[in-house]
Amino acid sequence: MATRDDAKGTGVYSIIAIPIIIWTLIPLLWTLALSLKGKDALANADANILGNFWPKQVSWENYQLIFTGGASDLFLPALRNSVIVCLSATVISVVLATFCAYAIARLDFPGKRMILTTALGVSFFPVIAMVTPLFDVWRNIGLFDTIPGLIIPYLSLTLPLSIWILAAFFQQIPWEMEQAAQVDGATTWQAFRKVIVPLAAPGVFTTAIITFFTAWNDFVFAISLTADKARTVPAALAFFTGASQFEQPTGGIMAAAVVVTIPVVILVLLFQRRIVAGLTSGAVKG
Amino acid sequence: MSTAVDSATGVATGGTAGGGPSRAANWARRAPLLPALLLVILVTQLPFVVTIVISFMNYNAYYPNETGFTGITNFKTVLSDPQARSAILVTILLTVAVVLISLVLGLLIALLLDRRFHGRGVVRTMMITPFLIVPVAAALLWKHALYNPEYGLLNGLLRMVFGPGAVQPDWIGQHPRWAVIFAIVWQWTPFMMLILLAGLQSRPMDIIEAARIDGANNWQIFRHMTLPHLRTYIELAALLGSIYVVQNFDHVFTITSGGLGTANLPYYIYQTFYTAHDYGLASAAGVIVVVGTIIISTAALRTVFSLFKEQSR
């Protein structure tokens, strides 16, 4: 991989890469620009620079709308619900999946492959086919539009995924090192804590990030199983309306989209390598 | 902890006759799996079993007195209802178009990112961002920021290039299906790219180097060495992509609200249970989606495990 295309031609590739950056980045920047435009800037091209792209005067009115203004009672509770539901689902599934993946990586027992196949197969399961009975049952037992009523179905998304990714990570850990440490005089607990935990932590962490994304991005459960009390951000975004029915709430929607996108972009920038490793190990590596 | 586990393994392999202690050891070793597995089965399979049962029932919340088993009536209805039929066709169309376009784009980008150049890391980071963005936010972004006829980016660019008299199409109104397709392609291309890039980087470079020394040109190497090696990865990317795009609901709901001939099966199901409260019909349609997914995912699982074998060889 290193010897090919040494110095020659790298400039050409950098140029070819520019359209790719435009294709991915411009929609995001444009969203940011729209969110910073006030009503006049949206309607009037003269109030903007760079060919109507960026507002001459940055306006925070859209952010005020969603954080303190008319849309805040829709957006803020949704943000809180999203954080609570997604963190709970992530913690529960990562803890359970750690045990499960540990057993799969360390032990040899019949049915091991079947468990992995089941986990993978289940993560393919179409969410929409689970929603109908959940909608009916949740309404009958009072879980409809509650936080636990969302956490439980979210586990069905996050658990199989975390089992699969963690098992892939744990299988790459050199477990002999634990015994080597014990031979060198460490106790079982010390060997586990000083040798295995540092090796396993990155995998667990990556799994937690990917799991969190999965829950954070869900829309089908969020919109079908909540009304207004437990509504999460993706569902709230879909219900966004302007001050009146005839006013397009574009600025507010774009501001809300920026707010939910920023954490994702930051996490991606910080943990890019790990996320890629996790995504591909889930998909291709063993 | 580990020593206990190791001795347990020793007992199990030693006592293959299958006496009491080895069975207990077997259970001890499976114990950590149980909570997670039980929960997985409980939260995913139970609703599905209920779905199957309901799919054979006449079960509408508006007509509670008529609830009862009706055999395969719901399935007959789904397969003969013109709305449901069009939903099935739209689902197939969306899936095939999205998977094909994003595979080709993903392959081109992966081929580029497999080379070394200045800013490769930056491009790769940029590339995976769309995949991780909240799908509803991404769909809103396409609907409002790009497709909007007045202040959308696309029409703004047309005005910039062709002046004030430029054509200003109403993208969603005139091409609703393509509007949905391209928004989904934007999100799924990075996924395809990641899998194909992993495939490219697992190529045996020494053999390719040997071919180059023997005088093979770039196209020959790509056609006869890279592509055959990538085949499994392309299959895998296509299958996994199909599994998820078949279920797409977020984009259809957000961009067109299922109007203008873009209602796919998931949207049809949502409408049937959420507004019509016809749980029986919605469940039957759900079962059809599951059957379709099972067919695709069986092939996907086979590909995944054949990759494992290739790697462990």
Side-chain angles (χ1 to χ4, degrees), chain A residues 1 5 10 13-14 16-17 20-21 24-25 27 30-31 34 42 51-52 96-97 99-100 103 106-107 109 117 121-122 124-130 132-136 152 155-156 159-160 178 188 192 213 217 219-220 234 237-238 250 253 257 260-261 264-265 268 272 279-280 283-284 286, chain B residues 1-2 5 29-30 32-33 35-36 39-40 43-44 47 50-51 54 109 112 115-119 123 125-130 132-137 140-141 144-146 151 153 156 160 194-195 198 205 243 247 249-250 254 266 269 273 279 282-283 286 289-290 293 297 301 307-308 311:
Chain A
M1 187 178 130
D5 345 293
T10 59
Y13 296 130
S14 301
I16 300 176
I20 301 175
I21 299 183
T24 55
L25 206 60
W30 178 245
T31 310
L34 279 182
L42 266 182
N52 202 10
L96 287 176
F99 286 116
C100 200
R106 292 299 312 267
L107 314 173
F109 55 90
T117 316
V122 161
F124 293 160
F125 203 83
V127 173
I128 196 79
M130 291 188 268
T132 313
L134 281 175
F135 178 72
D136 186 32
I152 297 169
L155 289 178
S156 73
L159 252 181
E178 192 183 32
T188 312
F192 181 74
F213 277 155
N217 288 350
F219 180 62
V220 176
L237 279 177
T250 307
I253 289 182
V260 295
T261 305
V264 175
V265 173
V268 170
Q272 200 243 125
L279 287 175
T280 43
V284 274
Chain B
M1 194 170 170
S2 89
V5 162
R29 273 178 289 146
R30 278 181 215 165
L33 292 165
L39 209 61
V40 168
V43 290
T44 58
V50 181
T51 305
I54 298 179
I109 298 170
L112 177 68
R115 310 192 172 243
R116 315 175 108 215
F117 59 88
H118 286 292
V123 177
T125 311
M126 300 288 165
M127 252 329 281
I128 58 173
T129 320
L132 297 168
I133 285 178
V134 182
V136 176
L140 285 169
L141 182 167
H144 291 286
L146 275 84
Y151 41 77
L153 183 65
M160 216 165 98
L194 281 178
I195 294 184
M205 285 323 291
I243 289 170
Q247 307 174 29
F249 173 74
D250 313 22
T254 314
I269 296 173
F273 80 78
Y279 302 137
S283 301
V289 177
V290 173
T293 310
S297 51
L301 286 174
L307 271 178
F308 282 171
Q311 282 187 342

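Throughout, protein chains are lettered first and strands after them, A, B, ... in sequence-line order, and every chain is numbered starting at 1. Bear in mind the structure is a predicted one, so any value in this text is a computation, not a measurement.
Of the listed residues (A:Ile21, A:Val260, A:Ile20), the one with the most heavy-atom contacts under 4.5 Å to chain B is A:Ile20. Of the residues considered (B:Thr129, B:Leu146, B:Ile243, B:Val123), B:Ile243 shows the highest number of contacts with chain A, using heavy-atom pairs under 4.5 Å. Annotation: maximal heavy-atom pairing with chain A below 4.5 Å, among B:Leu141, B:Thr293, B:Ile109, B:Val289, occurs at B:Leu141.
Taking the six-membered ring where tryptophan is involved, the planes of B:Phe273 and A:Phe135 are tilted, since the angle between them lies from 30° to 60°.
In this structure, the portions of B:Ile133 lying under 4.5 Å from any heavy atom of chain A include both its backbone and its side chain. With a 4.5 Å cut-off on non-hydrogen atoms, B:Pro266 touches chain A through its backbone and its side chain both. A:Leu25 touches chain B through its side chain: at least one heavy atom from C-beta onward sits under 4.5 Å away, while N, CA, C and O do not.
Between the OG1 atom of A:Thr24 and the CE atom of B:Met127 there is a distance of 6.5 Å, given to the nearest 0.5 Å.
Here B:Val50 pairs with A:Pro133, B:Ile54 under the side chain to side chain contact (heavy atoms under 4.5 Å, CB included) rule; sequence neighbours left out.
Between B:Asp250 and A:Val220, the shortest heavy-atom distance links the atoms OD1-CG2, 4.2 Å.
For the pair A:Thr132/B:Ile269, a side-chain contact is recorded, criterion being any heavy-atom separation below 4.5 Å from C-beta on.
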ask   = Could you go step by step and tell me if B:Val134 and A:Thr261 meet the side chain to side chain contact (heavy atoms under 4.5 Å, CB included) rule?
value = CA-CA 7 Å; B:Val134 182; A:Thr261 305; 5.7 Å; no
